[in-house]
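One structure is given below, encoded as structure tokens.
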Amino acid sequence: MNVPSIPVALTIAGSDSGGGAGIQADLRTFAMHKVHGTSALTCVTAQNTLGVTRVDALPPEAIAAQMQAVIEDIGLHAAKTGMLLNIGIIEQVAQCLEAWQLERLVVDPVMVSRTGAQLIDDDAIACLRSRLIPLAAVLTPNRYEAQILSGLEIQTLSDMKTAAELIYGLGAKAVLVKGGSMDAELRGVDVLFDGDRLQILRTQQIQTQDTHGTGCTLSAAIAANLALGHALNTAVRLAKDYVTTALHYSLRLGQGQGPVGHFFPLLSPVIPSEHP
């Protein structure tokens, strides 16, 4: 594999026609971290702030070809996965990543939405669990995904800690259980476990209805910071700071849930001091 002269990250994910999540959010996030973004598109969605009306999957061979084109010519420092949609895509992506032996891989296990709706079928979840998760440097499940992977109902901070430890047993080098769907004071509190150390990560809560793309953005920001050479703990903390500030500058677009402000430095010449 080539070693690029500048930081390069690859996103393997779906397209969001509304521009708030998926490939679009990932590439914006990479750019705002001064990391060159490359992509392998897995599916195309017809989507806006009100929801998804259609999803079309690309053939697994087409996804593998995109990944191979990037790795053979450009190379990369880190990668992340997002929506992989079905068992054929998950298996193909896992085969490619396994062959590359990439150390800095962020797996966002897009299985369940922030509202609790299951997005892929049980067979695809089983494949994700057995084939892709063991390749991850860090796995970033939301509350509902963590419940599926751990078999535990998550209501409290103690539940989040236990779930992180249980999910770690699936083979990822670290697990970040996200608290964006938790209630009250736990909303936005994440738990990071790397097999040795369990950390509680807290940031300021931002009151906004426009939170579309936060999961994609966080995993992309972690991948970008890993590509920049940061250790995992630092990469996760920097990524959380980035998402918090992007939420502060979230965009009131459309009739539903707008996206976070990925390019917030361009939206205001002065960033408030409480948002580094």
Side-chain angles (χ1 to χ4, degrees), residues 4-39 41 47-49 70 74 76-82 104 106 108 114 138 140 142 176 178-180 187-190 192 201-254 256-276:
S5 58
I6 63 171
V8 174
L10 168 68
T11 171
I12 308 159
S15 168
D16 173 359
S17 57
I23 290 278
Q24 288 83 350
D26 295 343
L27 293 177
R28 269 196 216 106
T29 301
F30 292 162
M32 295 312 298
H33 284 79
K34 300 180 182 179
V35 170
H36 177 70
T38 60
S39 62
L41 194 63
Q47 184 174 170
N48 55 29
T49 65
V70 170
I74 301 171
L76 67 147
H77 294 93
K80 66 146 288 187
T81 63
R104 301 184 186 99
V106 181
D108 184 2
R114 284 167 58 93
V138 60
T140 62
N142 63 29
L176 180 72
K178 300 179 295 187
R187 186 166 63 87
V189 175
D190 300 340
L192 178 64
L201 306 178
R202 301 176 186 270
T203 53
Q204 179 185 2
Q205 288 191 18
I206 305 298
Q207 301 302 320
T208 175
Q209 72 182 68
D210 300 314
T211 60
H212 183 54
T214 51
C216 302
T217 301
L218 179 66
S219 57
I222 295 171
N225 280 293
L226 291 175
L228 289 165
H230 293 296
L232 178 63
N233 289 349
T234 301
V236 171
R237 289 183 179 276
L238 290 172
K240 278 184 65 67
D241 288 343
Y242 173 76
V243 172
T244 299
T245 310
L247 280 166
H248 182 77
Y249 288 94
S250 60
L251 306 179
R252 183 80 292 273
L253 297 174
Q257 186 184 64
V260 302
H262 298 97
F263 45 91
F264 55 80
L266 306 179
L267 296 173
S268 173
V270 179
I271 302 300
S273 60
E274 68 266 24
H275 299 295

query: Which ring-ring contact (aromatic ring centres under 6.0 Å, His included) pairs, counting each pair once, include a residue from residues 12-33, with sequence neighbours left out?
result: His33-Tyr242
task: Indicate yes or no for a side-chain donor-acceptor contact from Asp108 to the backbone of Ser219 under 3.5 Å, with no hydrogens or angles considered.
output: no
task: Spell out, as yes or no, whether a donor-acceptor pair under 3.5 Å connects the side chain of Gln204 to the backbone of Thr244.
output: no
- prompt: Between the side chains of Thr208 and Ser250, is a donor N or O closer than 3.5 angstrom to an acceptor N or O?
  reply: yes
query: Within the side chain of Arg202, is there an N or O that forms a donor-acceptor pair under 3.5 Å with the backbone of Val189?
result: no
Backbone of Gly256 reached by a side-chain donor or acceptor of Thr49 within 3.5 Å: yes
Please list, one pair per line, the donor and acceptor atoms closer than 3.5 Å that link side chains of residues 6-23 to other protein atoms, with sequence neighbours excluded.
unit_1, atom_1, unit_2, atom_2, d
Thr11, OG1, Asp26, OD2, 2.6
Ser15, OG, Gln24, NE2, 3.0
Asp16, OD1, Gly18, N, 2.8
Asp16, OD2, Gly20, N, 3.2
Asp16, OD2, Ala21, N, 2.8
Asp16, OD2, His212, NE2, 2.9
Ser17, OG, Thr45, O, 3.4
Ser17, OG, Gln47, N, 2.7
Ser17, OG, Gln47, O, 2.7

field: Residues forming a side chain to side chain contact (heavy atoms under 4.5 Å, CB included) with Gln209, sequence neighbours excluded
entry: Arg252
message: Determine whether a donor-acceptor pair (N or O, by modelled atom type, separation under 3.5 Å) exists between the side chain of Lys240 and the backbone of Thr203.
response: no
- prompt: Among all residues two or more places apart in sequence or in another chain, which pass the side chain to side chain contact (heavy atoms under 4.5 Å, CB included) test with Asn48?
  reply: Leu50
- line: Sorted by chain and residue number, the ring pair (Phe, Tyr, Trp, His ring centres under 6.0 Å) partners of His36 (sequence neighbours excluded) come out as none
task: Sequence neighbours left out, what passes side chain to side chain contact (heavy atoms under 4.5 Å, CB included) with Leu238? Give chain and number order.
output: Asn225, His230, Thr234
- prompt: Under the criterion side-chain contact (heavy atoms from CB on, under 4.5 Å), which of Leu253, Thr214, Asp210 is the partner of Pro259?
  reply: Leu253
